[in-house]
Amino acid sequence: MQLGSCFLDSLTVTSFFGNAEMRGVFNDRQLMQSWLDVEAALARGQASLGIIPQAAADAISATARLEKLDAAALAADAEDTVHPLVPLVRALTAACPGDAGRYVHLGATTQDVMDTGFVLRARAGLDIVGRQLDELVRLLRRLALRHRSTPMPARTHGQQALPTTFGLRLAVWQSELQRHRARLREMRARLLVTSMGGAAGTMAGYGPQAFALERAVAEELGLGVADTPWHATSDRFAECLMVLGLVASSGEKLAREVYFLGRTEVGEAYEPQRATQVGSSTMPHKRNPIRCEAVIAAASTLRAQVPLALQTMVAQDDRDMGVGMTLWKLLPECFILIGGVLERLVEVFGDLGVNPDRMRANLDITGGLVLSEAVMLRLAGPLGREQAHHLVMRVVRDSLEQGRPFAEVLRGDPEVAAALSGGDIAELLDPLSYVGHAAALVDRALLTSESP
């Protein structure tokens, strides 16, 4: 069952979920072609060691293309055998010229071919994810530099907290994604290995040159060699899907941030809109963040698959095809979903609308209350921190309850007036005076992390 093989290929849904390039890797044709690639590599490896004739390996490699096989016969044989690989092996055997077919799949077992094929497709998928993630990081870094000193409200517990800069927010996001880039690099070495255990993990069917053959096949496919057979050990794939889940979760967070910042009442940043884009079928004024919503939906769907990926590690005995069948379903779905998540985010941040004026206006809507910490810390010198905190809390409460500007209540309070002049208060209530080291933190984040 492939996500994107039926309904997701329709024009409407394709606009929201998935990624065309990823669907090109994770479809049934590419699944079977990856298995054929493994069969061809096995034959070439065996020929290099003199196990089978070189001419046979050449013929098998030349024939191991899905378009050269009888699709109708494949479908009929699959119906008869109720087996994922045997029909393909039979079709390849029959299509090979001369007696080359007698050497197809020699010594291998189904799961060797299937698992190694899954690894090949995962590698192609990870290459796409890597490129998309690199582009997203580049966009965030560029925006962080552009808005290094653009003031905006920091928000905690859903409320304005202190002034910050939009550049710092973006720098934090790119740093999180940089860690995912590192996780993906580290995970590849563990995942991208051949599966050559043979029927029961002993490699008996590969004969006396089994280890040399394993190295030869790995070299043919550009993969590593696993230290032990792993038919019943799915931690590699589980780790891969967990990392994709991490990337998806970060992606959803970014989408939710843009979703929130684009609210009418906030209006600080917003998803780009094409001139022909329709926000609502009934309300012409709507500019709905449809890409962000698609990211949220796809990311939450992918993340829900992570527990199932972990469940595949609970395999029984020396092989458990219940695990294999689960991965057959999980890998395409998760890769297609993450491809869509990252593609949508690249679209959003590639032309993100940013409204610095609205950010500044939102900083001012509390009438200076967002600077209460600055006032409290200045008063802590003459009064002590605890007394200063109590005093400013009282002034804030009076300001809110009486509906009077914070600055006016501060100036009218005898204790405050004894410690601060009117000029001091005006300076302390300037949001630009209290963004801390935000710009320097942006610089540090960009200088200490890799630019893709």
Side-chain angles (χ1 to χ4, degrees), residues 1-5 8-9 13-35 37-38 115-141 174 176-193 221-224 236-252 254-255 291 294-295 297-299 301-303 305-306 309 327-350 450-452:
M1 178 181 179
Q2 303 282 339
L3 185 68
S5 61
L8 281 186
D9 282 335
V13 179
T14 299
S15 303
F16 300 123
F17 300 109
N19 166 273
E21 185 179 10
M22 201 71 85
R23 282 193 296 270
V25 172
F26 290 95
N27 57 50
D28 288 337
R29 290 189 62 84
Q30 288 305 314
L31 172 67
M32 290 188 284
Q33 184 58 57
S34 70
W35 294 344
D37 292 342
V38 176
D115 283 349
T116 305
F118 288 151
V119 167
L120 292 177
R121 293 204 301 158
R123 179 175 65 187
L126 289 173
D127 288 344
I128 296 170
V129 170
R131 293 198 306 271
Q132 292 178 312
L133 197 52
D134 285 352
E135 179 61 19
L136 182 55
V137 169
R138 277 193 289 267
L139 293 172
L140 291 175
R141 291 170 66 89
Q174 75 87 35
E176 183 171 339
L177 296 182
Q178 292 278 18
R179 292 190 290 278
H180 294 329
R181 295 178 69 232
R183 291 181 178 105
L184 285 166
R185 286 194 299 268
E186 294 161 4
M187 178 266 296
R188 286 178 70 104
R190 290 185 286 273
L191 174 64
L192 302 184
V193 295
L221 296 172
L223 299 175
R236 291 177 174 86
F237 288 124
E239 180 187 19
C240 176
L241 297 185
M242 287 176 68
V243 174
L244 295 188
L246 288 171
V247 176
S249 295
S250 295
E252 181 178 348
L254 267 61
R291 295 178 185 84
V295 168
T301 302
L302 192 162
R303 190 168 54 250
Q305 307 307 309
V306 173
L327 288 169
W328 194 351
K329 176 180 183 295
L330 279 181
L331 285 172
E333 291 186 357
C334 291
F335 270 101
I336 290 171
L337 286 168
I338 197 63
V341 164
L342 292 172
E343 184 173 282
R344 299 292 90 72
L345 288 172
V346 166
E347 292 171 353
V348 168
F349 286 97
E450 176 188 5
S451 179

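Below, all heavy atoms of this structure are taken into account, side chains as well, without hydrogens, waters or symmetry copies.
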Dump the intermediate steps for side-chain contact (heavy atoms from CB on, under 4.5 Å) on Phe237 and Leu330, then the final yes or no. CA-CA 10 Å; Phe237 288 124; Leu330 279 181; over 6 Å; no
Between Asn19 and Gly340, which heavy-atom pair has the shortest distance, and what is it? CB-N, 3.7 Å
Residues Leu331, Leu241; criterion side-chain contact (heavy atoms from CB on, under 4.5 Å); working and verdict: CA-CA 8 Å; Leu331 285 172; Leu241 297 185; 3.9 Å; yes
Are side-chain heavy atoms of Cys240 and Phe335 found at a separation under 4.5 Å? yes
Decide yes or no for Leu126 and Met187: does some side-chain heavy atom of the first lie under 4.5 Å from some side-chain heavy atom of the second? yes
Short N-O contact, Glu347 and Arg344, less than 4.0 angstrom: yes
How close do Val295 and Gly251 get, counting heavy atoms only, and between which atoms? CG1-O, 3.6 Å
Looking only at heavy atoms, which two atoms of Val25 and Ala124 are closest? And how far apart? CG1-CB, 3.8 Å
How many angstroms lie between CD in Gln305 and CD in Glu333, if you round to the nearest 0.5 Å? 5.5 Å
First locate atom CG of Leu342, then atom CG of Leu337, and finally report the distance between them rounded to the nearest 0.5 Å. 11.0 Å
Contact check, side chains of Val247 and Val341, non-hydrogen atoms, under 4.5 Å: no
Of the non-hydrogen atoms in Arg123 and Leu221, which two are nearest, and what is the gap between them? NH1-O, 2.8 Å
By side-chain contact (heavy atoms from CB on, under 4.5 Å), Arg303 pairs with (sequence neighbours left out) Ser249, Glu252, Ser300
Distance col, row Thr301:OG1 vs Ile336:CD1, nearest 0.5 angstrom, shows 13.0 Å
Find the distance between CG (Leu246) and CG (Leu302) and round it off to the nearest 0.5 Å. 10.5 Å
Looking only at heavy atoms, the pair that brings Leu184 and Val129 closest together is CD1-CG1, 3.9 Å
Can you see which heavy atom on Ala248 is nearest to which on Ala299, and at what distance? O-CB, 3.3 Å
Could you walk me through whether Gln178 and Arg141 pass the side-chain contact (heavy atoms from CB on, under 4.5 Å) test, one step at a time? CA-CA 11 Å; Gln178 292 278 18; Arg141 291 170 66 89; 3.5 Å; yes
Using 0.5 Å steps for rounding, measure from the CG atom of Leu244 to the NE2 atom of His180. 10.5 Å
Note, Glu343 side chain near Met22 side chain (heavy atom, < 4.5 Å): no
Hey, does Arg138 have a side-chain heavy atom less than 4.5 Å from the side chain of Glu135? yes
My understanding is that only residues two or more places apart in sequence, or in another chain, count here; which of them pass side-chain hydrogen bond (donor to acceptor under 3.5 Å, both in side chains) with Arg29? none
Side chains of Glu21 and Gln132 in contact at under 4.5 Å (non-hydrogen atoms): no
Relative to the ring of Phe118, is the ring of Trp328 parallel (under 30°), tilted (30 to 60°) or perpendicular (over 60°)? tilted
Worked verdict on Arg188 versus Asp127 for side-chain contact (heavy atoms from CB on, under 4.5 Å): CA-CA 10 Å; Arg188 286 178 70 104; Asp127 288 344; 3.0 Å; yes
Is there a side-chain contact between Leu254 and Phe349 in this structure, where contact means two heavy atoms from C-beta onward sitting under 4.5 Å apart? yes
Nearest 0.5 Å, what's the OG1-CH2 distance between Thr116 and Trp35? 12.0 Å
Got Val119 and Arg236 here, is their nearest side-chain heavy-atom distance under 4.5 Å? no
